[in-house]
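Let me begin by presenting the structure, written as structure tokens, before commenting on it.
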Amino acid sequence: MRVRRTFTARTAYWRLPVKTVLISGGGIAGPALAHWLHRHGFETTIVERAPSPRPGGQAVDIRGVALDVVERMGLLEQARRVRTRMRGMSILDPDGHEVDRSTEATFSSGRLDSDDIELLRDDLVRMVHEHTRGDVEYLFGDSITALDQDATGVRVAFTHGASRTFDLVIGADGLHSTVRRLAFGPEDRFAHHLGSYLSVFGADNFLALDHWQIWLRDGDVGFGIMPVRDNTELRIAFGFQSPPLPHDRRDNGTLRRLIVDKLASLRWEGPRLAEAAEHAPDFYCDAMAQIRMDHWSRGRVALLGDAGYCPSPLSGQGTSLALVGAYVLADCLARASGDHHVAYSRYEQRMRTFVNVNQALATENPGGPASEASVAHAKNALSLDG
């Protein structure tokens with residue numbers, strides 16, 4: 001068998017002939033992994049349930065070692081150009097009166113003088129998609145329905161497309177991962193509810209906010225509002241405490257009505273916020289939960305990002321975990337000379353402490369921000385060249 005040599009600026013690997021990899025999930029983790037796998041000589045396909053890159057979503061953060069990943073991808077300057085540029089924030093009481101303010105930090109991004117980058121999730125999704133679409137096969141509007149793996153590969157059945165066989169399958173399909181369910185079992189074995197729900201949706205800037213966030217808490221509900229797109233739009237993040245709800249996560253009608261009713265009961269701007277939630281085309285609502293697993297691989301199948309180790313948005317580190325995990329997994333596959341067992345084992349060894357530290361950010365101080373020392377440790381608890 002012919003062996004091919006591949007050299008990169010940082011590493012040189014001897015590798016077996018090209019392997020084919022199917023990635024489920026076209027958000028951030030999946031395309032980031034596809035980028036690195038392509039750089040290492042793999043043939044990569046991404047299947048995504050949505051008909052195109054998903055719009056909407058909250059602001060996300062690229063922090064610590066994840067900044068190095070984005071720089072190595074060649075996207076750092078582009079990310080900086082579209083970053084949010086907040087001047088500060090106000091904290092309001094339930095009647096809308098300001099009780100505190102800061103021009104040094106915001107709850108969404110931390111210190112404003114930090115090197116970290118806060119940007120809209122849909123901007124980052126667009127960036128990684130555009131960066132990879134010329135090198136990666138994308139299957140939009142489809143999803144995996146079955147996985148059948150043996151010693152030679154994984155036979156994958158799709159909702160719409162014909163069945164195909166791949167050498168490896170990676171689940172980068174989020175908190176409610178289909179790949180995880182098919183390969184590891186029901187979600188309730190691994191999901192840990194954190195006692196709250198989060199809804200995110202967009203609206204016109206009816207509050208005339210100028211690069212300024214506002215935050216309000218009223219009992220067991222609260223929200224943050226930030227202007228985006230040069231102050232032309234708002235992104236509203238509304239949270240409320242609740243045990244697990246019986247509504248199916250895809251039943252947006254029921255969840256939307258619940259959010260609309262809760263918003264309408266608020267004393268400050270409740271009616272306008274409720275109207276925005278009722279009509280938002282990008283409405284999202286889901287439980288705050290973590291995925292905790294003893295192993296992230298089974299045979300030829302492995303998990304990446306939220307699918308394997310979701311820290312929840314409460315940690316502020318989900319995007320960084322996805323970007324770093326993608327880099328490390330691709331690096332391990334390249335270094336293992338085609339042996340996925342070795343690669344997956346090394347991937348877990350390198351990522352486990354980083355994941356644990358970042359997940360702890362969401363649980364060390366429920367309902368409040370993590371300590372600065374914990375955040376600093378979590379941002380840099382891994383070396384990319386380990």
Yes or no on side-chain contact (heavy atoms from CB on, under 4.5 Å) for V221 and F223, after CA distance, side-chain angles and deciding distance? CA-CA 7 Å; V221 305; F223 60 79; over 6 Å; no
[X] side chain to [Y] backbone, donor-acceptor under 3.5 Å:
X    : Y    : answer
R298 : A183 : yes
S345 : V342 : no
Y347 : A302 : no
R63  : G316 : yes
D142 : G161 : yes
R49  : G26  : no
R256 : A277 : yes
R180 : W296 : no
D173 : T178 : yes
S177 : G174 : no

Would you call [X] and [Y] a side-chain contact if the rule is heavy atoms closer than 4.5 Å?
X    : Y    : result
L194 : Q290 : yes
V60  : L119 : yes
D116 : L67  : yes
D306 : I291 : no
R126 : P55  : no
R352 : Y309 : no
R164 : V156 : no
V324 : M351 : yes

Which atom of [X] lies closest to which atom of [Y], heavy atoms considered:
X    : Y    : value
P94  : R267 : CB-NH2, 3.0 Å
D61  : E118 : OD1-CB, 3.4 Å
E98  : L92  : CA-CD2, 3.7 Å
G325 : L304 : C-CD1, 3.3 Å
S199 : F283 : OG-CE1, 3.2 Å
L384 : Y327 : O-CE2, 3.6 Å

Could you state the interatomic distance from [atom1] ([X]) to [atom2] ([Y]), rounded to the nearest 0.5 Å?
X    : Y    : atom1 : atom2 : result
E43  : E137 : CD    : CD    : 9.5 Å
L207 : N231 : CG    : CG    : 11.5 Å
H211 : R87  : NE2   : CZ    : 8.0 Å
R189 : D294 : CZ    : CG    : 12.0 Å
L175 : F190 : CG    : CZ    : 13.0 Å
L266 : D95  : CG    : CG    : 11.0 Å

Establish whether [X] and [Y] are linked, either directly or via other cluster members, by ILVMFWY side-chain heavy-atom contacts under 4.5 Å.
X    : Y    : result
L258 : F238 : yes
I214 : L216 : yes
V125 : V82  : yes
V179 : F140 : yes
L321 : M127 : yes

query: Can you tell me if T159 and S143 form a side-chain donor-acceptor pair at under 3.5 Å?
result: yes
Would you tell me whether T232 and N205 have side-chain atoms, one donor and one acceptor, within less than 3.5 Å of each other?
no
Output, in order, the C-alpha distance, side-chain angles, deciding distance and verdict of salt bridge (Lys or Arg N to Asp or Glu O under 4.0 Å) for D385 and R72.
CA-CA 12 Å; D385 302 312; R72 295 183 187 189; 3.3 Å; yes
Exercise for review: Could you go through the side-chain contact (heavy atoms from CB on, under 4.5 Å) check for R54 and D122 one step at a time?
Suggested key: CA-CA 7 Å; R54 294 177 186 265; D122 41 352; over 6 Å; no
Quiz prompt | Derivation of the side-chain contact (heavy atoms from CB on, under 4.5 Å) call for L182 and V301 | solution = CA-CA 10 Å; L182 292 172; V301 178; over 6 Å; no
From the list R235, R229, R83, R81, salt bridge (charged side-chain N to carboxylate O under 4.0 Å, His left out) partner of D123 resolves to R229
Below 30° counts as parallel, above 60° as perpendicular, anything between as tilted: where do the rings of H193 and Y197 land? tilted
Exercise. List the steps, then state whether salt bridge (Lys or Arg N to Asp or Glu O under 4.0 Å) holds for E275 with R272.
Key: CA-CA 5 Å; E275 182 179 4; R272 288 208 285 181; over 6 Å; no
Counting heavy atoms not belonging to [X], are there more than 12 under 6.0 Å from its [atom1]?
X    : atom1 : answer
D150 : CG    : yes
D113 : CG    : yes
D210 : CG    : yes

(Q) Would F158 and I144 count as a side-chain contact (heavy atoms from CB on, under 4.5 Å) here? Give the steps. (A) CA-CA 5 Å; F158 298 94; I144 297 172; 4.1 Å; yes
The single option from L124, T44, V128 that satisfies side-chain contact (heavy atoms from CB on, under 4.5 Å) with P31 is V128
From the list I23, T20, L22, side-chain contact (heavy atoms from CB on, under 4.5 Å) partner of V169 resolves to L22
